[in-house]
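Report on one structure; see the data block that follows.
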Amino acid sequence: MGQEAAPLTRHLRVLQNGGHTVLEFRGEIDILAAAEIGPQLDAATGQPGCRVVVDLRGVEFFDCSGLRLLHRARGRVREHGGQLSLVCTHPLTLRILRVTGLNRLLPPLPTLEAALGGPGAPSGSS
């Protein structure tokens with residue numbers, strides 16, 4: 001699987017991997033970071049049949065701005081008949097996803113490999 005990286009901001013790196021667009025969120029995802037990430041996330045989720053992975057493993061802090069980004073991305077992917085997967089292992093971020101119920105709409109996966117195509121991997125598109 002080839003990866004092509006495009007470092008865009010200090011909070012986001014975008015890779016192409018096996019037909020998926022992988023958005024690696026990094027650092028503190030707050031309102032300022034969301035403003036930087038939003039346009040790239042919209043571009044990735046606005047294509048018909050898009051296959052997008054949001055990777056939160058590099059996130060140190062995640063607030064409601066990050067939740068809004070994920071919820072918006074899920075809605076856009078569904079509108080365009082695409083697929084969205086989430087990778088997350090940080091206990092506090094997982095807790096936020098669980099408390100808000102977003103984990104039921106977008107089940108977090110433990111590895112990028114699982115998100116990139118493990119058969120039967122959840123997609124957040126249902």
Side-chain angles (χ1 to χ4, degrees):
M1 285 185 213
Q3 291 188 359
E4 182 180 311
L8 297 171
T9 73
R10 66 185 179 139
H11 299 290
L12 178 67
R13 186 169 73 145
V14 178
L15 306 141
Q16 296 299 320
N17 190 324
H20 291 80
T21 301
V22 179
L23 292 102
E24 293 180 349
F25 289 23
R26 300 183 302 203
E28 296 185 2
I29 307 304
D30 56 15
I31 194 165
L32 293 174
E36 289 180 10
I37 292 169
Q40 293 300 320
L41 187 60
D42 283 352
T45 58
Q47 303 299 316
C50 58
R51 297 190 315 171
V52 178
V53 176
V54 174
D55 186 348
L56 300 181
R57 291 176 299 167
V59 170
E60 300 161 4
F61 174 82
F62 194 81
D63 72 7
C64 61
S65 301
L67 291 172
R68 279 193 296 274
L69 285 172
L70 294 178
H71 194 268
R72 177 175 169 78
R74 182 181 179 272
R76 290 174 56 81
V77 165
R78 289 186 69 183
E79 287 174 12
H80 293 98
Q83 182 180 28
L84 178 64
S85 299
L86 178 66
V87 179
C88 181
T89 57
H90 193 283
L92 291 177
T93 304
L94 288 168
R95 182 172 184 240
I96 290 169
L97 294 171
R98 188 174 55 254
V99 167
T100 62
L102 191 56
N103 67 324
R104 289 183 301 234
L105 300 175
L106 192 55
L109 300 168
T111 66
L112 182 58
E113 292 74 25
L116 288 172
S123 70
S125 59
S126 53

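All values below come from the heavy atoms of this structure, side chains included, with hydrogens, waters and symmetry mates left out.
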Test your reading of the model: is there a side-chain donor-acceptor pair from [X] to the backbone of [Y], 3.5 Å cut-off?
{"X": "Arg68", "Y": "Ala34", "answer": "no"}
{"X": "His20", "Y": "Gly18", "answer": "yes"}
{"X": "His80", "Y": "Arg76", "answer": "yes"}

Can you find a pair of side-chain heavy atoms, one from [X] and one from [Y], that are under 4.5 Å apart?
{"X": "Glu24", "Y": "Val53", "value": "no"}
{"X": "Ile29", "Y": "Leu56", "value": "no"}
{"X": "Phe62", "Y": "Leu92", "value": "no"}

Minimum heavy-atom distance [X]-[Y], with the two atoms named:
{"X": "Leu109", "Y": "Ala115", "value": "CD1-CA, 3.6 Å"}
{"X": "Thr111", "Y": "Val87", "value": "O-CG2, 3.6 Å"}
{"X": "Leu97", "Y": "Leu67", "value": "CD2-CD2, 3.9 Å"}
{"X": "Pro110", "Y": "Thr89", "value": "O-CG2, 3.3 Å"}
{"X": "Thr21", "Y": "Ala44", "value": "CG2-CB, 3.9 Å"}

query: If you round to the nearest 0.5 Å, how far is CZ of Arg78 from OG1 of Thr45?
result: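 So the OG1 of Thr45 and the CZ of Arg78 are separated by 13.5 Å.
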
- prompt: How many angstroms lie between atom CZ of Arg26 and atom CG of Asp55, to the nearest 0.5 angstrom?
  reply: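 Spacing of CZ (Arg26) from CG (Asp55) equals 10.5 Å.
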
